[in-house]
Protein chains: 2
Amino acid sequence: MAWKSRTPMAIGDIRDKRNKAVTGSLAGPHGGEAAQMSARTPEAEPLLTPAEVATMFRVDPKTVTRWAKAGKLTSIRTLGGHRRYRETEVRALLAGIPQQRSE
Amino acid sequence: MAWKSRTPMAIGDIRDKRNKAVTGSLAGPHGGEAAQMSARTPEAEPLLTPAEVATMFRVDPKTVTRWAKAGKLTSIRTLGGHRRYRETEVRALLAGIPQQRSE
DNA sequence: CGGAATTAGGGTAATTCGGGAC
DNA sequence: TTTGTCCGAATTACCCTAATTC
């Protein structure tokens with residue numbers, strides 16, 4: 001956590017340096033996230049950015065990256081290498097619904 | 001765990017510090033709740049870390065874990081197994097609002 | 001094209017988990 | 001009965017710079 005780290009900040013201040021305003025509900029990555037809804041999307045699954053998933057789980061975006069790297073979360077990569085996550089999967093995991101596990 | 005050694009923060013500040021202004025710039029008159037910009041945001045309930053809940057109750061994080069294990073507190077797990085708690089539930093308990101009792 | 005914010009990396013410190021005992 | 005603390009191991013958070021996104 002970050003309650004008595006190097007930085008003297010209060011308890012609720014987890015990811016703040018990079019996130020401007022994420023109060024209560026998730027904020028878009030750059031403030032303009034209406035990119036998916038405008039165009040007609042034949043078979044587009046709702047995707048979430050790392051910051052959005054991190055906010056939903058109350059963790060750092062880096063942690064979400066580790067989950068993806070560990071295979072705990074399905075990640076779709078952009079052409080630039082950034083990850084996107086399936087909203088349905090994230091919601092299911094948050095709800096405690098066990099996903100397909102090959103273990 | 002000597003978590004209460006040096007942590008100069010007030011309990012009242014625990015609630016919503018997730019709003020952070022940019023570096024040195026103005027954060028608006030209120031500086032508090034920001035506005036929601038988009039509607040494309042997945043539903044995310046505010047979650048608290050064990051340390052946050054422990055600070056709010058003035059107890060050890062281990063005690064919060066015991067509460068969760070005893071079913072007195074709803075706990076959501078991260079993919080790594082760490083617990084997160086519902087902010088609304090914690091606040092209600094702190095306010096003395098009786099939750100659902102089994103008996 | 002330029003600019004601001006986010007993300008990807010890798011490293012290190014802090015927190016949490018789990019069990020069990022006092 | 002409840003709470004705090006100790007231990008080892010695992011998970012997570014924060015630091016940096018460069019690349020990507022919009």
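Labels below follow one simple rule: chain letters A, B, ... track the order of the sequence lines, proteins then strands, and each chain is numbered from 1.
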**OP:** Please list residues of residues 72-79 of chain A whose heavy atoms come under 4.0 Å from any atom in DNA chain D, ordered by number; otherwise none.
**Re:**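 Correct list: A:T78, A:L79.
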Check: protein-nucleotides 20-22 of chain C nitrogen or oxygen pairs below 3.5 Å:
none

Original post:
If you round to the nearest 0.5 Å, how far is CZ of B:F57 from CG of B:L94?
Top reply: 4.0 Å
Expressed as a whole number of angstroms, how long is the span from [X]:[atom1] to [N]:[atom2]?
X	N	atom1	atom2	result
B:R83	D:dT12	CZ	P	13 Å
A:D60	D:dC15	CG	P	10 Å
B:Y85	C:dT16	OH	P	9 Å
A:E52	D:dC22	CD	C1'	14 Å
B:R58	D:dG4	CZ	P	12 Å

Original post:
Is the closest side-chain heavy-atom distance between A:I76 and A:Y85 below 4.5 Å?
Top reply: no
Hey, what are the protein-to-nucleotides 8-10 of chain D N/O distances that come in under 3.5 Å?
none

Original post:
Taking for each residue the nucleotide of DNA chain D with the nearest heavy atom, is it A:G81 or B:T63 whose nucleotide lies nearer the 5' end?
Top reply: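 That would be B:T63.
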Original post:
Any side chain to side chain donor-acceptor pair (under 3.5 Å) pairs touching residues 64-77 of chain A, not counting sequence neighbours?
Top reply: A:T63-A:R66, A:T74-A:E89
**OP:** List for me each residue that meets salt bridge (Lys or Arg N to Asp or Glu O under 4.0 Å) alongside A:R86, sequence neighbours excluded, and say none if there are none.
**Re:** A:E45
**OP:** Just jot down the salt bridge (Lys or Arg N to Asp or Glu O under 4.0 Å) partners of B:R83, sequence neighbours excluded, or say none.
**Re:** none
**OP:** Report yes if a side-chain nitrogen or oxygen of B:T65 is closer than 4.0 Å to either non-bridging phosphate oxygen (OP1 or OP2) of C:dC17; otherwise report no.
**Re:**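 For C:dC17, OP1 or OP2 has a side-chain N or O of B:T65 closer than 4.0 Å.
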Original post:
Under 4.0 Å between a side-chain N or O of B:W67 and OP1 or OP2 of D:dT2?
Top reply: no
Original post:
Which range-with-range stems can be found for DNA chain C when each stem has 3 or more Watson-Crick or G-U pairs in a row and both distances sit under 3.5 Å?
Top reply: C:3-18 with D:7-22
Original post:
Does the distance from a Lys or Arg side-chain N to an Asp or Glu carboxylate O, for B:E87 and A:R58, drop under 4.0 Å?
Top reply: no
Original post:
Pick from A:T49, A:L48, A:V59: which one makes a side chain to side chain contact (heavy atoms under 4.5 Å, CB included) with A:V64?
Top reply: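 Among A:T49, A:L48, A:V59, the one meeting side chain to side chain contact (heavy atoms under 4.5 Å, CB included) with A:V64 is A:V59.
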